[in-house]
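Structure, as structure tokens:
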Amino acid sequence: MKPKILVARAVFADVIDRLREHFDVETNDADAVWPKAELMQRLRGKVGAFTTGSERIDVEVLDANPQLRAVCNMAVGYNNFDVDACTARGVLCTNTPEVLTESTADFGFALMMAAARRICESEHFLRAGRWTKWSYDMFAGGDVHGATLGVLGMGRIGQAIARRGALGFGMRVIYHNRSRLDPAVEAPLRAQYVSKEELLRRSDHLMIVVPYGPAVHHAIGAAELALMKPTATLTNIARGGVVDDAALADALRERRIAAAGLDVFEGEPKVHAGLLAVSNVVLTPHIASATEATRRAMADLAADNLIAALGCGPNAGRPPTPLNPEVLQRRT
Ligand code: GLV
């Protein structure tokens, strides 16, 4: 009998077929986001789960399913996992780093540019039939080239954005991170490490790319927004919760900052009413990694992880991107 796994959301059919070569697979063809009780019930008897950021794997879920051995996210972010609780119970966690870095950085840059140059706001104006004449100041925004790009969270994606800014757009790059990068990594990005306060004060375009965790909950709130330039933009492609959306909506409405680009939201897919009510924000539904090729690469990597984590396939026992590899060491 093949081991049982759960694929918690709809995904490419050929990826499911590949999983079926090794496992008895329960799928979610309707692509429903299951409430926690249903997720716990569907995990019964499953040794592995192919998950996305929508499925929270916490103590309650783990304790209801002690047979679980691996949870493999099709996402680089893994704040939906209680990794410590998984590790304590011998459950391997994996994510999908690297494969989405460049596509996500492209999107972050696009969102920043759309906010700075007021692309969506002006498109809505045109579509509404309100464009009757050219005017000298119509939708005048802020320059991106030559401006100061501030990056909060200088991991792989932050660095890919910094590279675009420095090398493609002649931007000055400043960043804040838990720790300073090696000067050899900083040099080609021409990136300068600064305090968070300096980052907020100096950035013309602030890019939030820091992974979410309790330590960065509302890292950007009313006090931080108050330090920013009135001409600055803020782009969040990290996670909802890093930015206090209510405070951001207030700052945008009162034009205390110029504009924002948001791909992630607190409590998404709900979006704060204050953000929906202002025109100087570009809003997208958590799609920063969504290119055909990248989503495919993410699904393939998540499947490779699950197959290997459950002791199958050519890399049995050696999943490519484990988050808690100590679990594997304990298994040997
Ligand atoms: C998307 O948000 C991801 O974490 O991959």
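In listed order, ligands and their atoms are each counted from 1. Given the structure is predicted, the values throughout are model-derived calculations rather than measurements.
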> Heavy-atom contact under 4.0 Å between H286 and ligand 1?
Replying inline: yes
> Taking the side chain from R330 and the backbone from T87, do they hold a donor-acceptor pair closer than 3.5 Å?
Replying inline: yes
> Under 4.0 Å from any heavy atom of L100, which atoms of ligand 1 are there?
Replying inline: 5 (O)
> Atoms of ligand 1 less than 4.0 Å from R239 heavy atoms?
Replying inline: 1 (C), 2 (O), 3 (C), 4 (O)
> With a cutoff of under 4.5 Å between side-chain heavy atoms, which Ile, Leu, Val, Met, Phe, Trp and Tyr residues group with V264?
Replying inline: none
> So which heavy atom in the protein is nearest atom 5 (O) of ligand 1, and how far is it from that ligand atom?
Replying inline: V76 N, 2.8 Å
>> Taking ring-ring contact (aromatic ring centres under 6.0 Å, His included) as the cut-off, I'd like each qualifying pair that reaches into residues 163-193, sequence neighbours left out, listed once.
In response: F109-F169, Y175-Y193, H176-Y193
> Hey, mind stepping through R164 and D106 against salt bridge (Lys or Arg N to Asp or Glu O under 4.0 Å) and telling me if it holds?
Replying inline: CA-CA 8 Å; R164 281 159 177 75; D106 283 350; 2.8 Å; yes
>> Would G77 count as a polar contact of ligand 1, with the cut-off being nitrogen or oxygen pairs under 3.5 Å?
In response: yes
> Looking at D245 and K270, does any basic side-chain N land under 4.0 Å from a carboxylate oxygen?
Replying inline: no
